[in-house]
Amino acid sequence: MRWSRFYLFTTREVPKDAEVTSHQLMVRAGMIRRVAAGIYSYLPLGWRSLSKLMAIVRRELDVAGCVELTMPAIQPAELWQESGRWEQYGKELLRMEDRHGREFCFGPTHEEVITEIVRKDVTSYRQLPVNLYQIQVKFRDEVRPRFGLMRGREFLMKDAYSFHATPESLEEAYAALGKAYERIFRACGLDFIKVEADSGAIGGSASHEFMVVADTGESLVLRCAGCDYAANQEKAGTSGLAKSPAEDSAADDLAEGVRLEETPGKTTVEEVAAFLGVAPQRIVKTIIYRTEAGPVAVLVRGDREVNAIKLKNLLDVQELELADEALVEAVSGAPVGFAGPIGLEGVRIVADRSVEGVTNFTCGANRADAHWVGANFGKDVHLDEFHDLMLVADGDRCPNCDQNLVISHGIEVGHIFKLGTKYSEPMGCNYLDDRGQSHPMLMGCYGLGIGRTVAAAIEQNHDDKGIIWPLPLAPFEALVVPLNMNDQEVVQAAGKIYEELVEKRVDVLFDDRQERPGVKFNDADLIGIPIRLVVGSKSLANGEVEVSLRRDGEKQLVPLANAVEAMLDAILAESPA
RNA sequence: CGGGGUGUGGCGCAGCCUGGUAGCGCACCUGCUUUGGGAGCAGGGGGUCCCGAGUUCAAAUCUCGGCACCCCGACCA
């Protein structure tokens with residue numbers, strides 16, 4: 001491709017709304033353009049990288065036994081009503097009406113449509129398993145889109161759905177897709193980890209996420225220092241909390257009985273702890289939630305936070321949100337800040353394990369400006385069981401091996417779920433077994449963010465001058481740069497090399513622009529083509545050209561006659577095994 | 001949803017406080033020079049100052065309303 005005929009315009013200025021590197025570089029390199037909040041055009045250079053990734057995805061999924069199709073982006077409300085998600089899915093679902101007033105949504109995911117397809121075609125266990133995928137434009141109306149393609153509202157996603165007669169068959173597909181993902185992300189040059197995840201809104205029994213560890217990531221993952229345990233924060237469990245000096249030194253006085261202390265205006269754990277001179281670890285805080293099944297009070301250790309996902313799973317409710325002031329007052333009889341388990345009635349109380357064994361603790365008195373001190377379970381508060389309802393933090397202990405967990409940020413690039421019969425059952429996607437009995441199919445679903453993966457690759461592969469593409473994702477494999485367009489010998493020599501590379505079907509960009517060398521070098525660094533060949537007047541006078549890798553920038557002088565060969569060798573060397 | 005901010009040529013911004021009909025850098029066009037890390041000189045083109053209403057002799061500037069976008073926060077009692 002000749003640059004002069006390609007559509008590629010770079011910019012020196014950093015767009016002011018771009019906060020993260022991948023976003024800045026993609027805009028500056030002329031890969032994407034923002035059209036509205038969280039909505040982008042993929043310009044030719046960007047589209048080439050996305051296409052490269054899509055080709056890799058298709059190749060690996062085909063190997064894993066998946067079959068491609070394409071479903072509509074716009075979906076009728078009826079299907080979503082059938083699965084129950086029309087009501088469950090919140091404001092992220094972009095809903096619309098057609099001219100007849102019929103309701104539709106712009107699909108954020110396609111479980112309903114695929115289930116509708118399969119239930120019509122597949123009726124026998126003999127036809128199973130099936131595994132279908134598409135690469136589609138999705139839309140999720142995020143509250144706050146940001147970071148360019150990392151968290152857009154409209155985005156490209158590969159989503160696969162598998163259907164099975166037996167758990168073993170589902171397990172097989174789940175494992176095959178997991179392996180395919182690992183191959184895909186490795187090909188992208190990504191440093192990633194696979195973590196256990198909660199199956200969340202999509203529901204189901206098991207789930208893993210593929211995370212690219214990066215400070216700009218919006219997810220939190222916990223990894224064990226001692227074994228291979230890794231989970232996202234929503235899912236992560238622990239065998240014990242991080243030790244804190246305060247906890248160790250907290251002398252367990254003999255219970256003298258619970259007593260009331262005035263705590264005027266002290267509404268937070270921090271304030272109460274400071275005011276009464278107790279460690280936050282010895283405060284039991286009471287958080288009140290609103291659910292469709294009524295209010296719920298959660299007890300958690302003062303220095304810790306409730307994990308809403310775990311709580312939602314335990315309670316088995318659809319809606320869960322922190323109670324507002326009015327509800328807190330109605331439930332606890334006190335303003336926000338003074339709720340406590342003692343004498344709390346008319347509300348379900350659940351407790352996190354973090355408070356189990358805490359003795360002589362402090363808690364709200366359900367009365368304005370007062371806390372109980374020296375309270376104890378079994379005496380002042382009666383609870384039958386403690387559950388895992390806490391957000392695991394850095395330094396907590398691994399549930400498998402007791403070593404310390406380490407927290408880090410991650411970019412979620414892939415997510416695989418075992419769905420079970422969550423959709424097949426309500427939607428009647430059934431098959432007949434070998435005895436003629438009808439059963440709902442077992443399903444799996446497998447998502448992979450196309451744009452986000454490319455963005456993550458840039459986050460991990462760049463320097464202060466620009467992108468450093470791993471070869472498989474590079475929009476072009478090679479760049480040929482004639483330095484002086486007025487020097488006919490230079491132009492001819494470079495043009496000949498370019499033509500020969502095209503002959504060899506190398507993905508090559510020829511910078512035939514009438515620009516000064518500095519501009520060409522800087523643009524080359526910015527767009528990050530992995531292998532570069534420079535033809536300049538001086539070296540050409542010695543019959544030589546210069547080959548270098550964007551990765552290390554080391555220049556190698558090569559005789560003109562060997563230029564094409566040197567480029568082909570470099571491409572081979574840069575290709576993943 | 002709450003708070004803050006921004007909206008002026010393709011991009012980045014100044015001008016607004018203290019009203020007098022718009023300016024800078026980059027980019028763009030023409031010419032000459034220049035050509036191994038974002039060239040120099042000269043000349044030139046381009047703006048409904050987000051939209052609407054109001055105040056005024058006069059509004060980018062003041063007032064009110066709207067829209068769009070950006071950032072921060074979203075309550076752990």
Side-chain angles (χ1 to χ4, degrees), chain A residues 9-19 23 27-28 30 33-39 90-91 143-147 263 265-273 280 283-290 295 297-308 311 321-329 331-341 344 352 354 362-371 389-391 393 465-466 481-487 490-491 513-526 532 534-541 544-546 548 553 555 557:
Chain A
F9 307 99
T10 60
T11 161
R12 210 186 314 189
E13 310 253 4
V14 181
K16 71 169 188 178
D17 60 333
E19 295 177 85
H23 187 193
V27 172
R28 285 191 53 213
R33 172 147 317 144
R34 200 184 68 92
V35 175
I39 301 176
K91 288 182 185 154
V143 194
R144 195 136 104 77
R146 55 178 150 180
F147 302 160
T263 51
K266 310 298 176 197
T267 59
T268 67
V269 166
E270 226 171 49
E271 288 166 356
V272 172
I283 294 177
V284 168
K285 79 185 167 187
T286 305
I287 310 296
I288 296 164
Y289 283 87
R290 188 190 65 74
V298 185
L299 307 185
V300 64
R301 210 174 75 175
D303 60 328
R304 292 316 193 99
E305 297 204 353
V306 175
N307 181 331
L311 179 60
E321 60 178 39
L322 227 43
D324 56 23
E325 286 178 33
L327 183 57
V328 171
E329 290 212 37
V331 170
S332 71
V336 175
F338 302 97
L344 195 60
D352 179 64
S354 61
T362 298
C363 63
N366 297 322
R367 229 193 67 189
D369 302 328
H371 281 78
L389 297 172
M390 186 194 72
L391 226 37
K465 301 198 137 223
V481 186
L483 276 191
N484 185 342
M485 294 303 289
N486 293 327
D487 183 330
V490 165
V491 173
R513 295 174 304 164
Q514 215 16 287
E515 290 286 358
R516 297 171 59 81
V519 173
K520 294 193 174 192
F521 281 124
N522 280 304
D523 274 347
D525 290 339
L526 176 60
R532 179 188 309 177
V534 171
V535 183
S537 309
K538 288 174 194 163
S539 46
L540 189 61
E544 289 177 325
V545 297
E546 181 184 298
S548 64
K555 297 166 189 167
L557 286 171

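Just so it is clear, the model here is predicted, and its values are computed rather than measured. We name chains A, B, ... by the order of the sequence lines, and we start the count at 1 in each one.
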Does any nucleotide pair with [N] by Watson-Crick or G-U wobble geometry, both distances under 3.5 Å, and what is it?
N     : value
B:G73 : B:C1
B:C11 : B:G25
B:A68 : B:U6
B:C49 : none
B:G37 : none
B:A59 : none

Calculate the interatomic distance between [X] atom [atom1] and [N] atom [atom2]; express it in whole Å.
X        : N     : atom1 : atom2 : value
A:Asp17  : B:C11 : CG    : C1'   : 12 Å
A:Phe338 : B:C76 : CZ    : P     : 14 Å
A:Glu329 : B:C75 : CD    : C1'   : 15 Å
A:Leu483 : B:G37 : CG    : P     : 9 Å
A:Glu13  : B:C11 : CD    : C1'   : 6 Å
A:Glu321 : B:C76 : CD    : C1'   : 15 Å

Atom [atom1], compared across [N] and [M]: separation rounded to whole Å:
N     : M     : atom1 : answer
B:C64 : B:C1  : P     : 23 Å
B:G7  : B:C17 : P     : 14 Å
B:C26 : B:G9  : C1'   : 12 Å
B:G2  : B:G25 : P     : 43 Å
B:U48 : B:G40 : P     : 30 Å
B:C69 : B:C11 : C1'   : 16 Å
B:C50 : B:U6  : P     : 13 Å
B:C72 : B:C24 : C1'   : 31 Å

Minimum heavy-atom separation for A:Ala297 and A:Thr286, please, with both atom names.
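Closest pair (atom of A:Ala297, atom of A:Thr286, distance): CB-CG2, 4.0 Å.
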Test for a donor-acceptor pair under 3.5 Å between the base of [N] and the side chain of [X], counting only N and O atoms.
X        : N     : result
A:Asn484 : B:G36 : no
A:Ser539 : B:G36 : yes
A:Glu515 : B:G38 : no

- prompt: More 5' along RNA chain B: A:Gly518 or A:His371, using each one's nearest nucleotide?
  reply: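 Taking each residue's closest nucleotide, the earlier one in sequence belongs to A:Gly518.
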If each of A:Arg144 and A:Ser537 is mapped to the nucleotide of RNA chain B with the nearest heavy atom, which maps nearer the 5' terminus, i.e. the 5' end?
->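 It is A:Ser537, whose closest nucleotide lies nearer the 5' terminus.
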- For A:Arg12 and B:C26, is the shortest distance between a side-chain N/O and OP1 or OP2 below 4.0 Å?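 No, A:Arg12 has no side-chain N/O under 4.0 Å of OP1/OP2 on B:C26.
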Worksheet entry | B:G37 phosphate, OP1 or OP2, under 4.0 Å from A:Lys465 side-chain N/O |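 The answer is no; no side-chain N or O of A:Lys465 sits under 4.0 Å from OP1 or OP2.
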Note to self: Within the 3.5 Å criterion, strictly below it, is a donor on A:Thr362 or A:His371 matched to an acceptor on the partner's side chain?
What the structure shows: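 Their side chains do not contain a donor-acceptor pair, so the 3.5 Å distance test is not met.
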